[in-house]
Amino acid sequence: MVSQKVKIRNATGLHLRPAGLLCEIAMKYGSKVTFKTNDNYEANAKSVLSVLGACVKSGEEIELLCEGADEKEALDDLVSSIEEGLGE
């Protein structure tokens, strides 16, 4: 398992559009992909409802956790996408 903390840079946090993009990226990989928020809510990064349920706001830090055969590639792709603002 690999993990890394990353700050959400989107001005409106993980609302529907960036949450959908995050899920789309996570679903490209066979690894289990989750993240934890500061208040220890654990979300399935492959489920839009789970990501939206985390209520992640701009400036908050999440810890991405990837476990599986392609865990390193998944983590690198997700971290870079989040740091680039998830399309916003």
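The model shown is predicted, which means the values in this text are computed figures rather than measured ones.
Distance check, rounded to the nearest 0.5 Å: CG of L22 to OG of S81 gives 8.0 Å. If you take CG on N44 and SG on C23, they are separated by 7.5 Å, rounding to the nearest 0.5 Å. For the atom pair M1 CE and L75 CG, the distance stands at 11.5 Å (nearest 0.5 Å). Between the CD1 atom of I25 and the OG atom of S80 there is a distance of 7.5 Å, given to the nearest 0.5 Å. Of the inter-residue distances, the one linking K36 atom NZ with L65 atom CG reads 6.0 Å to the nearest 0.5 angstrom. Atom CD of E84 and atom CZ of R9 lie 10.5 Å apart (nearest 0.5 Å).
With sequence neighbours left out, the side-chain contact (heavy atoms from CB on, under 4.5 Å) criterion links K57 to C55, E60. Listed by chain and residue number, V33, A45, K46, L78 satisfy the side-chain contact (heavy atoms from CB on, under 4.5 Å) test with A26 (two or more places apart in sequence, or in another chain). Partners of K72 under the salt bridge (Lys or Arg N to Asp or Glu O under 4.0 Å) rule, at least two apart in sequence or in another chain, are D76. Qualifying salt bridge (Lys or Arg N to Asp or Glu O under 4.0 Å) partners for K28, counting only residues two or more places apart in sequence or in other chains: D77. Not counting sequence neighbours, the partners of R17 by the side-chain contact (heavy atoms from CB on, under 4.5 Å) test are H15, E88. Residues satisfying the side-chain hydrogen bond (donor to acceptor under 3.5 Å, both in side chains) test with D39, not counting sequence neighbours, are T37. Residues that satisfy the side-chain contact (heavy atoms from CB on, under 4.5 Å) test with A43, not counting sequence neighbours, are F35, Y41, S50, A54.
Sorted by first and then second residue, the salt bridge (charged side-chain N to carboxylate O under 4.0 Å, His left out) pairs with a member in residues 61-70 form an empty list; sequence neighbours excluded.
Of the candidates L14, N10, V6, I82 forms a side-chain contact (heavy atoms from CB on, under 4.5 Å) with just one, namely V6. Between C66 and the choices V79, V2, T34, the side-chain contact (heavy atoms from CB on, under 4.5 Å) rule is met once, by V2.
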Could you give me the CA-CA distance, side-chain angles and deciding distance for I8 and S58, then say whether side chain to side chain contact (heavy atoms under 4.5 Å, CB included) is met?
CA-CA 5 Å; I8 301 301; S58 180; 5.5 Å; no
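Here the closest non-hydrogen pair linking A69 and S31 is N-OG, 3.8 Å.
Under the 4.5 angstrom side-chain criterion for Ile, Leu, Val, Met, Phe, Trp and Tyr, the cluster partners of L16 are V48, L52.
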